[in-house]
Visitor: 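Here's a structure for you.
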Amino acid sequence: MAAPSTVERIVIENCAIATVDANDTEYATGHLVVAGNKIESIGAGKAPEGLENVVRRIDATGHLVTPGLINTHHHFYQWITRGLATDHNLFNWLVALYPTWSRIDESMARVAAQGSLAMMARGGVTTAMDHHYVYPQGSGDLSGAIIGAAKDMGVRFTLARGSMDRSEKDGGLPPDFAVETTEGALIATEETVRKYHDASFDAMTQVAVAPCSPFSISTDLLREGAALGRRLGVRMHTHGSETVEEEKFCHELFGMGPTDYFESTGFLGEDVWMAHCVHMNDSDIEAFARTKTGVAHCPSSNARLAAGIARVPDMLKAGVPVGLGVDGTASNESGELHTELRNALLINRLGVHREAALNARQALRLGTYGGAQVLGRADNIGSLEPGKLADFVLWKIDGIGHSSIADPVTAIVFGAAAPVTASFVNGKQIVENNRLLFADEEAIARDARAEAQRLARITAQG
């Protein structure tokens, strides 16, 4: 149904378009019409004549328009601990950094979220998520600070309210002062969902229940977290099968591998997505496919921490929903999702499937529609289709970095990171010529440096 004539329209024309719809429909030269916060029409050639209340026309010659990128796994607070423990595997890296992370406060969380969001938004991310699981006592309203930062920047956002209750004294990795009680974590998570979660079609803020990882949470927290998420009708998230050390930990402590452990606690299902999933056997992949559990693939972080190569081609073939994640910027210092399109393709080609592992369009789908599936929002974002929300990006591909690559999708996936001329969320532009429209990038950089230095001083003082 066409929008009323009173709705303001934006018309984008003369661009290549990759819709990432079910048929991978593309237009060498096409148009996109936005009415309010939704896509009204899309197709080849010029926009329809006689459109009313057109407030803006964009000549997008030399650009590729795609759905906005969707980040499915991140830890924003790590923006102020980048460049540390650079030669560690996951467990040693966590042990080295937990004492620092456990001293964050509300001011640090806000600034770190601003930095993380700014870097992603400048690179075409329109929907972000943050798995925040460190809540030191007396640290302030960390969830509110993170959600506020996303709201101010205009990015669609999911907060995965994390938690940890298994510390060193219980056989876990976090220091004792870094964890919550099981009951306290569940109560705080429910309060966060009830205060911030919006279940509407065009929601800008949603909340998921997200116990951290098998080696930092109790079985009770995982099981009760799954029950809480389903009682509240929200999604669930955690880390899983990231390293061989985690596999060993689960077998020693629970007598089974991570996937079997998650299933035994109710933490698999179409309302769950799991970060990493690097060390998955055929049975694990079958379980994820059978339960429609999603995966957040984080290729750069997996490489940075020497975790291994996730079996993404096998997951996709089995029907597992897969999206892309930046992961925390203490294990992916660039903090950009558009570079993960390229890294996902290249790293997976180092695996057993070699050159047949992924192609450019599959990589783009991981970063768009795949992410929407994983976050439970495939009905409203992730592809360019009439009736869906107007979250899209104009990539400049006629410059020196891309002009000699004939295929636009190949250009943005195989080529250098393409400049973002414009990025729209909910029909509202948030980026212009690689600059944020609703944030002061220089101020964010200064504040992030100051908070990183303050955190380092506090940590050094013990």
Visitor: Kindly indicate whether a cation-pi arrangement holds for Lys151 with Phe438, taking the cut-offs as under 6.0 Å to the six-membered ring centre and within 45° of the axis.
Guide: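 So Lys151 doesn't make the cation-pi contact.
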
Visitor: Side chains of Lys396 and His402: does their closest heavy-atom pair fall under 4.5 Å?
Guide: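 Contact flag for Lys396/His402 side chains = no.
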
Visitor: Checking side-chain polar atoms at under 3.5 Å, does Ser216 have a donor or acceptor matched by the opposite partner on Ser213?
Guide: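 There is such a pair (donor and acceptor under 3.5 Å, judged by atom type) between the side chains of Ser216 and Ser213.
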
Visitor: Got a second to check how far Leu51's CG is from Ser41's OG, nearest 0.5 Å?
Guide: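 Between Leu51 CG and Ser41 OG, I get 6.5 Å after rounding to 0.5 Å.
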
Visitor: Looking at CG of Asn380 and CG of Leu375, how far apart are the two atoms once the value is rounded to the nearest 0.5 Å?
Guide: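 Separation between the atoms: 10.0 Å.
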
Visitor: For residues Asp398 and Ser403, is any side-chain donor paired with an opposing acceptor at under 3.5 Å?
Guide: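 The criterion, which ignores hydrogens and geometry beyond distance, is not satisfied for Ser403 and Asp398.
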
Visitor: Please report the C-alpha distance between Glu385 and Lys388 in whole Å, then the side-chain angles of each, then the deciding distance to 0.1 Å, and finally whether the salt bridge (Lys or Arg N to Asp or Glu O under 4.0 Å) criterion is met.
Guide: CA-CA 6 Å; Glu385 302 178 68; Lys388 283 199 167 185; 3.6 Å; yes

Visitor: May I ask you to test the His74-Met120 pair for a side-chain heavy-atom distance under 4.5 Å?
Guide: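 A side-chain contact exists here, since the closest heavy-atom pair is under 4.5 Å.
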
Visitor: Do the non-hydrogen side-chain atoms of Ser300 and Asn302 ever get within less than 4.5 Å of each other?
Guide: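 They are not in contact (no side-chain heavy atoms under 4.5 Å apart), so the answer is no.
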
Visitor: Is Val33 close to Ile42 at the side-chain level, that is, under 4.5 Å between some pair of heavy atoms?
Guide: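 No; the side chains remain at least 4.5 Å from each other.
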
Visitor: Considering non-hydrogen atoms only, spot the tightest contact between Asn426 and Asn37 and give its length.
Guide: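 Nearest heavy atoms, Asn426 then Asn37: O-CB, 3.1 Å.
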
Visitor: Under the side chain to side chain donor-acceptor pair (under 3.5 Å) rule, what do Asn14 and Asp59 come out as? Steps first, then yes or no, please.
Guide: CA-CA 6 Å; Asn14 305 321; Asp59 180 356; 3.0 Å; yes

Visitor: Hey, are Glu451 and Ser107 close enough side-chain-wise for a donor-acceptor pair under 3.5 Å?
Guide: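 Result is yes, a qualifying pair exists.
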
Visitor: Under the criterion side chain to side chain donor-acceptor pair (under 3.5 Å), I'd like the reasoning laid out for Arg365 against Gln373: C-alpha separation, chi angles, the key distance, then a yes or no.
Guide: CA-CA 10 Å; Arg365 180 170 289 273; Gln373 284 184 296; over 6 Å; no

Visitor: Any heavy-atom pair between the side chains of Phe288 and Met315 that's under 4.5 Å?
Guide: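 With C-beta onward as the side chain, the pair stays apart.
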
Visitor: Over all heavy atoms of both residues, which pair between Ala287 and Leu268 is shortest? Give the atoms and the distance, please.
Guide: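 Smallest interatomic distance, heavy atoms only, reads CB-CD1, 4.3 Å.
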
Visitor: So, taking the atom named CD1 in Ile285 and the one named CE in Met280, what distance separates them when rounded to the nearest 0.5 Å?
Guide: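 Ile285 CD1 to Met280 CE: 5.5 Å, rounded to 0.5 Å.
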
Visitor: What's the separation between atom CG in Leu346 and atom CG in Leu341, rounded to the nearest 0.5 Å?
Guide: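 Going from CG on Leu346 over to CG on Leu341, the span is 11.0 Å.
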
Visitor: About how many Å separate CG of Asn348 and NE2 of His297, when rounded to the nearest 0.5 Å?
Guide: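 Nearest 0.5 Å value for the NE2-CG distance: 4.5 Å.
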
Visitor: Begin with the C-alpha distance, continue with both residues' side-chain angles, and end with the deciding distance and a verdict on salt bridge (Lys or Arg N to Asp or Glu O under 4.0 Å) for Arg122 and Glu336.
Guide: CA-CA 9 Å; Arg122 289 170 74 249; Glu336 298 175 298; 5.2 Å; no

Visitor: I would like to know whether Trp93 and Trp101 meet ring pair (Phe, Tyr, Trp, His ring centres under 6.0 Å); could you show each step before the answer?
Guide: CA-CA 12 Å; Trp93 175 82; Trp101 295 339; 5.2 Å; yes

Visitor: Please report the C-alpha distance between Thr19 and Tyr27 in whole Å, then the side-chain angles of each, then the deciding distance to 0.1 Å, and finally whether the side chain to side chain contact (heavy atoms under 4.5 Å, CB included) criterion is met.
Guide: CA-CA 8 Å; Thr19 68; Tyr27 303 102; 4.1 Å; yes

Visitor: Quick one, Ile104 with His132, criterion side chain to side chain contact (heavy atoms under 4.5 Å, CB included). Give me CA distance, side-chain angles, the key distance, then yes/no.
Guide: CA-CA 12 Å; Ile104 62 170; His132 187 84; 3.5 Å; yes

Visitor: How close do Pro211 and Thr238 get, heavy atom to heavy atom, and via which atoms?
Guide: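 Minimum heavy-atom contact is O-OG1, 2.7 Å.
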
Visitor: Look at the side chain of Arg82 and the backbone N and O of Glu333, then say whether any donor-acceptor pair between them is shorter than 3.5 Å.
Guide: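 Flag set: sc Arg82 to bb Glu333 pair under 3.5 Å.
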
Visitor: Given Ile430 and Val155, is the side chain to side chain contact (heavy atoms under 4.5 Å, CB included) satisfied, shown in steps?
Guide: CA-CA 8 Å; Ile430 66 166; Val155 174; 4.1 Å; yes

Visitor: Could you check whether the rings of Tyr133 and His131 sit parallel, tilted or perpendicular, using 30° and 60° as the cut-offs?
Guide: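 Because their plane-to-plane angle is over 60°, the rings of Tyr133 and His131 count as perpendicular.
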
Visitor: Under a plain distance cut-off of 3.5 Å, with no hydrogens placed, do Thr25 and Asn23 share a side-chain donor-acceptor pair?
Guide: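 The criterion, which ignores hydrogens and geometry beyond distance, is not satisfied for Thr25 and Asn23.
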
Visitor: Mind telling me whether His75 and Tyr77 have parallel, tilted or perpendicular rings, with 30° and 60° as the class edges?
Guide: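 Judged by the thresholds at 30° and 60°, the geometry between Tyr77 and His75 is tilted.
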
Visitor: Within a strict 4.5 Å, meaning less than it, do heavy atoms of the Thr421 and Pro419 side chains meet?
Guide: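 A side-chain contact is absent here, since even the closest heavy-atom pair is not under 4.5 Å.
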
Visitor: With side-chain contact (heavy atoms from CB on, under 4.5 Å) as the test, pick out the partner of Arg377 among Leu389, Ile70, Thr127.
Guide: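 When side-chain contact (heavy atoms from CB on, under 4.5 Å) is applied between Arg377 and each of Leu389, Ile70, Thr127, only Leu389 qualifies.
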
Visitor: When the ring planes of Phe392 and Phe424 are compared, do they come out parallel, tilted or perpendicular, using 30° and 60° as the limits?
Guide: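 The arrangement is parallel - the two ring planes meet at less than 30°.
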
Visitor: Under 3.5 Å, is there a donor-acceptor pair between the Asn332 and Ser334 side chains?
Guide: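 Note: Asn332 and Ser334 side chains meet the donor-acceptor criterion.
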
Visitor: Where does the angle between the aromatic ring planes of His338 and Trp395 fall among parallel (under 30°), tilted (30 to 60°) and perpendicular (over 60°)?
Guide: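 Correct class here is parallel.
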
Visitor: Heavy atoms only: give me the nearest Ala113-Ala149 pair and the separation to one decimal.
Guide: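 Nearest heavy atoms, Ala113 then Ala149: CB-CB, 3.8 Å.
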
Visitor: Heavy-atom distance under 4.5 Å between the side chains of Leu358 and Leu316, does that happen here?
Guide: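 Heavy-atom side-chain distance check passes, below 4.5 Å.
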
Visitor: Is there a side chain to side chain donor-acceptor pair (under 3.5 Å) between Glu246 and Ser241 once you walk through the steps?
Guide: CA-CA 7 Å; Glu246 178 191 331; Ser241 300; 4.9 Å; no

Visitor: I want to check something: taking the side chain as every heavy atom from C-beta on, are Leu159 and Thr192 in contact at a cut-off of under 4.5 Å?
Guide: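 Heavy-atom side-chain distance check passes, below 4.5 Å.
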
Visitor: What is the minimum heavy-atom distance between Val295 and Val374, and which atoms define it?
Guide: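 Between these two residues, the closest heavy atoms are O-CG2, 3.6 Å.
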
Visitor: Between His197 and Thr205, does the side chain to side chain contact (heavy atoms under 4.5 Å, CB included) criterion hold? Intermediate values first, please.
Guide: CA-CA 6 Å; His197 181 70; Thr205 303; over 6 Å; no

Visitor: Verify ring pair (Phe, Tyr, Trp, His ring centres under 6.0 Å) between Phe157 and Tyr196, making sure each step is shown before the conclusion.
Guide: CA-CA 11 Å; Phe157 181 59; Tyr196 294 111; 9.8 Å; no

Visitor: Answer yes or no: is there a donor N or O on one side and an acceptor on the other, between the side chain of His237 and the main chain of Trp273, under 3.5 Å?
Guide: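 At least one qualifying donor-acceptor pair exists.
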
Visitor: Could you walk me through whether Asp282 and Arg311 satisfy the salt bridge (Lys or Arg N to Asp or Glu O under 4.0 Å) test, starting with their C-alpha distance in whole Å, then the side-chain angles of each, then the deciding distance to 0.1 Å, before giving a yes or no?
Guide: CA-CA 10 Å; Asp282 290 346; Arg311 295 174 59 186; 2.7 Å; yes

Visitor: Determine the minimum heavy-atom distance between Met164 and Cys212, stating which atoms define it.
Guide: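 Closest approach of Met164 to Cys212: CG-CB, 3.7 Å.
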
Visitor: Are the side chain of Arg235 and the backbone N or O of Glu270 linked by a donor-acceptor pair below 3.5 Å?
Guide: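 Yes; at least one donor-acceptor contact below 3.5 Å.
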
Visitor: In Å, rounded to the nearest 0.5 Å, how long is the span from CE of Met274 to OG1 of Thr293?
Guide: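 Met274 atom CE to Thr293 atom OG1 measures 6.0 Å (nearest 0.5 Å).
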
Visitor: Can the positive tip of Arg161 be found less than 6.0 Å from the middle of the six-membered ring of Tyr135, inside 45° of the ring normal?
Guide: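 So Arg161 does make the cation-pi contact.
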
Visitor: Using the rule given for salt bridge (Lys or Arg N to Asp or Glu O under 4.0 Å), can you reason through Arg290 versus Glu263, listing the C-alpha separation, both sets of side-chain angles and the distance that settles it, and then say yes or no?
Guide: CA-CA 11 Å; Arg290 168 172 44 82; Glu263 187 155 33; 3.0 Å; yes

Visitor: Apply the test ring pair (Phe, Tyr, Trp, His ring centres under 6.0 Å) to residues His73 and His276: give CA-CA distance (whole Å), side-chain angles for both, the deciding distance (0.1 Å), then the verdict.
Guide: CA-CA 9 Å; His73 187 65; His276 302 295; 5.3 Å; yes

